[in-house]
Amino acid sequence: MLTIFPGMFSAYLQEGTLGRAVKRGLVDINLVDIRDFAAGPHKSTDDRPYGGGDGMVMTPEPIYQALKSVDRADRSLVVLLSPQGETFDQPIAWELSGWDQLIFACGRYEGVDERIRLACIDRELSIGDYILSGGELCAMVVMDAVARLIPGVLGGKRSNLEDSFEDGLLEYPQYTRPRVFQGKEVPSVLLSGDHEKIRLWRRSEALKRTLDRRPDLLRKAKLTSEDEELLVKLRKNM
Ligand code: 4HQ
């Protein structure tokens, strides 16, 4: 992580799934403070934009030197987070998980000098159409999604193939105890013990949710002939 705020990553990397993965040595995350590579008494990492206008631009030399300081693996990719990048999604997460080393450049201010983008960046990614205050949170989003795909990170209990989006569909509704909460009962099929019936119900609910909320996802989804039959029934009920 190339950043002027390495502290932003520390807390996240100590907790939960990613914290455990780091402790077990399944992922190795190296925080590089761009400011350590800034020159002058003020250690400045930004400057005024040529041509004028509001805001500041991340100055190229400190990022360039920070990147040069990284011990590069043979198969290593430099990723820049910016709203101008291609939109990050689960298939991109799988692609990134195939690299031995990902180097995330986190921009602040109005963004990085264009020559850094041209000379150093292999892939520019956006996490969505909104503006955050810096690339750090965006890099953490990508880092988390990719780390979950590394064998062993999820501990084998849950496979990521069961996750939402791995087959391109939204997830079915989940229930746990109590059986009645605020007057609402758990669907009786889930208490039936009939595993085939439960599997079909869940698949149908996943398809229904996707049809209702994200019909755009159905075009790219991996659907079986059983799914197609369930969809025909669901569309009749709409
Ligand atoms: N920023 N997806 C501005 C983002 C962003 C996004 C990162 C804010 C870069 C300079 N990055 N900095 N959305 O909003 O990736």
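In listed order, ligands and their atoms are each counted from 1.
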(message) Hydrophobic cluster membership, with links at side-chain heavy-atom distances under 4.5 Å among I/L/V/M/F/W/Y: are Leu231 and Met238 in one?
(response) yes
(request) Note the single closest protein heavy atom to atom 8 (C) of ligand 1, along with its residue, its atom name and the distance in Å. (result) Leu132 O, 3.0 Å
(message) Any atom of ligand 1 sitting under 4.0 Å from a heavy atom of Tyr109?
(response) yes
(message) I want to check something: taking the side chain as every heavy atom from C-beta on, are Leu190 and Ile198 in contact at a cut-off of under 4.5 Å?
(response) yes
(message) Could you check whether atom CZ of Arg48 has more than 12 heavy atoms from other residues, nucleotides or ligands sitting under 6.0 Å from it?
(response) no
(request) Answer yes or no: is there an ion pair linking Arg203 with Glu229, defined by an N-O contact shorter than 4.0 Å? (result) no
(message) Does Arg179, at its CZ atom, have more than 12 non-hydrogen atoms belonging to other residues, nucleotides or ligands within less than 6.0 Å?
(response) no
(message) Does the residue Leu125 have a heavy-atom contact with ligand 1, meaning some pair of atoms that are separated by less than 4.0 Å?
(response) yes
(request) Over all heavy atoms of both residues, which pair between Tyr12 and Met140 is shortest? Give the atoms and the distance, please. (result) CB-SD, 3.8 Å
(message) Please determine whether a side-chain nitrogen of the Lys or Arg among Arg202 and Glu171 lies less than 4.0 Å from a carboxylate oxygen of the Asp or Glu.
(response) no
(message) Please compare Gly135, Cys138, Gly55 and report which has the shortest non-hydrogen distance to atom 5 (C) of ligand 1.
(response) Cys138
(request) Would you mind checking which non-hydrogen protein atom is closest to atom 15 (O) of ligand 1, with the distance to 0.1 Å? (result) Ser82 N, 3.3 Å
(request) Considering heavy atoms of the protein only, find what lies nearest to atom 12 (N) of ligand 1 and give residue, atom and distance to 0.1 Å. (result) Gly107 O, 4.0 Å
(message) For atom 2 (N) of ligand 1, what is the closest protein heavy atom, and at what distance to 0.1 Å?
(response) Ile127 N, 2.9 Å
(message) Show the atoms of ligand 1 that are less than 4.0 angstrom away from any heavy atom in Gly128.
(response) 13 (N)
(request) Quick one: look up the protein heavy atom nearest atom 9 (C) of ligand 1 and list residue, atom name and how far away it is. (result) Leu81 O, 3.6 Å
(request) Answer yes or no: does an N/O atom from Tyr130 fall short of 3.5 Å to an N/O atom of ligand 1? (result) yes
(request) Give the residue, atom name and distance (to 0.1 Å) of the protein heavy atom nearest atom 1 (N) of ligand 1. (result) Pro83 CD, 3.9 Å
